[in-house]
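Working notes, beginning with the structure itself.
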There are 2 protein chains.
Amino acid sequence: MTKEQARREVRAALSVGSFRVTKQRLAIVEELAAVERYATAKELHQRLSQKRSGVGLATIYRTLETLEAIGAASVRTQGRGESAYLFCSPEHHHHAVCTKCGKVEDVPCRSIGRIERDLTQALRFKTTQHRFEFFGLCDRCS
Amino acid sequence: MTKEQARREVRAALSVGSFRVTKQRLAIVEELAAVERYATAKELHQRLSQKRSGVGLATIYRTLETLEAIGAASVRTQGRGESAYLFCSPEHHHHAVCTKCGKVEDVPCRSIGRIERDLTQALRFKTTQHRFEFFGLCDRCS
DNA sequence: GTCTCTGCAAAGGGTTTGCAACGCA
DNA sequence: TGCGTTGCAAACCCTTTGCAGAGAC
């Protein structure tokens with residue numbers, strides 16, 4: 001996704017709520033979209049500080065929270081209680097994480113029917129949601 | 001799993017490394033195995049404090065870390081940066097989490113062949129590991 | 001003009017660490 | 001007896017919050 005696309009997508013998503021489009025939010029979104037992998041608030045803060053855009057750390061946290069709320073970002077926790085955020089589409093999908101370079105690709109959700117049938121029959125468990133994560137090597141790293 | 005089984009399983013796992021079997025560790029493991037869902041360190045600390053076994057919070061954190069290392073516990077993060085731990089077998093499997101009572105059941109891993117093939121072909125991504133989580137209603141809650 | 005957002009610094013809270021005493025093996 | 005473990009409290013560090021000024025609409 002280009003920066004332009006990211007910007008447009010977030011503009012659209014923000015305007016659904018009563019959110020405002022500020023230059024700080026756009027800078028954060030562009031940076032998050034550019035890394036193509038999970039990034040921490042601190043990391044984004046450092047990257048943005050190196051450029052002209054000096055966005056406060058608190059603003060980054062608040063923006064990431066907002067992005068998550070509107071479905072434009074996904075969160076995970078990595079060692080030492082740090083949260084890492086990934087820019088991604090609000091559509092239902094899963095992630096393929098490269099264990100070498102950290103790049104994350106979206107995986108559309110298809111055909112998990114059989115697994116769900118197994119679940120219902122074996123455990124009598126009715127699934128309403130699921131989440132898959134794949135780890136391995138991306139095209140470039142393999 | 002009974003407390004006896006949990007105790008035996010952990011004894012075996014600990015003795016693989018140069019770990020010692022202490023009454024605190026056994027108390028923590030029994031408690032963790034008994035809850036059958038994700039529990040935080042603080043929660044375990046409170047539960048153990050109500051019984052005779054007053055185990056220090058730091059010890060609980062250290063033990064949970066050890067259990068995770070030997071594959072006897074799985075970790076997840078829940079709101080506000082808190083870690084929650086689940087007692088589970090070191091075999092490769094997935095989890096079905098009841099969204100009502102929180103109970104977690106193990107799901108043996110079968111037949112994800114097709115999804116992996118899709119991944120390899122569409123994204124040129126070679127999976128080496130995966131992790132599935134299912135959310136829904138368990139037998140009792142549905 | 002109004003109402004949200006930002007930045008700073010301080011507060012908050014879960015987790016880790018240092019160290020002396022303890023207790024498995 | 002030796003060395004890993006425990007408990008306590010302090011230290012850590014990521015994250016959140018309060019508030020006054022700035023800025024989007």
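Order of the sequence lines fixes the chain letters, A, B, ..., with proteins taken first and strands second; residue numbering starts at 1 for each chain.
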### Message
How many whole angstroms separate atom CD1 of B:Ile60 from atom P of D:dT5?
### Response
16 Å
### Query
Are any of the side-chain heavy atoms of B:Phe125 and A:Val107 separated by less than 4.5 Å?
no
#### Entry: Check: A:Glu31 and A:Val55 side chains under 4.5 Å, non-hydrogen atoms
no
### Query
Please give, in whole Å, the distance from D:dT15 C1' to A:Arg80 CZ?
16 Å
### Query
For A:Lys42, which contact category applies under a 4.0 Å heavy-atom criterion: base, sugar-phosphate, or nothing?
sugar-phosphate
### Message
Categorize B:Thr40 for me: base, sugar-phosphate, or nothing, with a 4.0 angstrom heavy-atom threshold over every strand shown.
### Response
nothing
### Query
Does some side-chain heavy atom of B:Thr66 sit less than 4.5 Å from a side-chain heavy atom of B:Leu14?
yes
### Query
When the nearest nucleotide of DNA chain D is assigned to B:Arg25 and to A:Gln24 on a heavy-atom basis, which residue is associated with the more 5' position?
B:Arg25
### Query
Do A:Phe134 and B:Phe132 have side-chain heavy atoms sitting under 4.5 Å apart?
yes
### Task
Please confirm whether any donor atom in the side chain of B:Arg62 sits under 3.5 Å from an acceptor in the base of D:dG7, or the reverse.
yes
### Query
In whole Å, what is the span from the CD atom of A:Glu65 to the P atom of D:dC14?
18 Å
### Query
For the pair made of CG in A:Leu57 and P in D:dC13, what is the distance, rounded to whole Å?
15 Å
### Task
Would you kindly give the CG-to-P distance between B:Leu26 and D:dT5, to the nearest whole Å?
13 Å
### Query
Nearest-Å distance, CD (B:Glu82) to C1' (D:dC14)?
14 Å
### Query
Heavy-atom distance under 4.5 Å between the side chains of B:Lys51 and B:Arg47, does that happen here?
no
### Query
Does the B:Thr128 side chain pair with the main chain of A:Phe135, one donor and one acceptor, at a distance under 3.5 Å?
yes
### Query
Which nucleotide of DNA chain C is the first, and which the last, in the 5' to 3' direction, to come under 4.0 Å of a heavy atom belonging to chain B?
C:dG14 to C:dA25
### Query
On DNA chain C, nearest-nucleotide positions of B:Tyr85 versus A:Gly56: which is more 5'?
A:Gly56
### Task
Send over the distance from B:Ile28 CD1 to D:dT5 C1', rounded to a whole Å.
11 Å
### Query
Out of B:Glu133, B:Glu105, B:His130, which one pairs with B:His94 under the side chain to side chain donor-acceptor pair (under 3.5 Å) rule?
B:His130
### Query
For residues 15-22 of chain B, which residues have at least one heavy atom under 4.0 Å from DNA chain C?
B:Arg20, B:Val21
### Query
Going by heavy atoms in the side chains, are A:Leu48 and A:Ile60 under 4.5 Å from each other?
yes
### Task
Write down the distance between OH (A:Tyr61) and C1' (D:dT15), rounded to a whole number of angstrom.
5 Å
### Query
Would you say A:Leu32 and A:Leu64 make side-chain contact, with heavy atoms under 4.5 Å?
yes
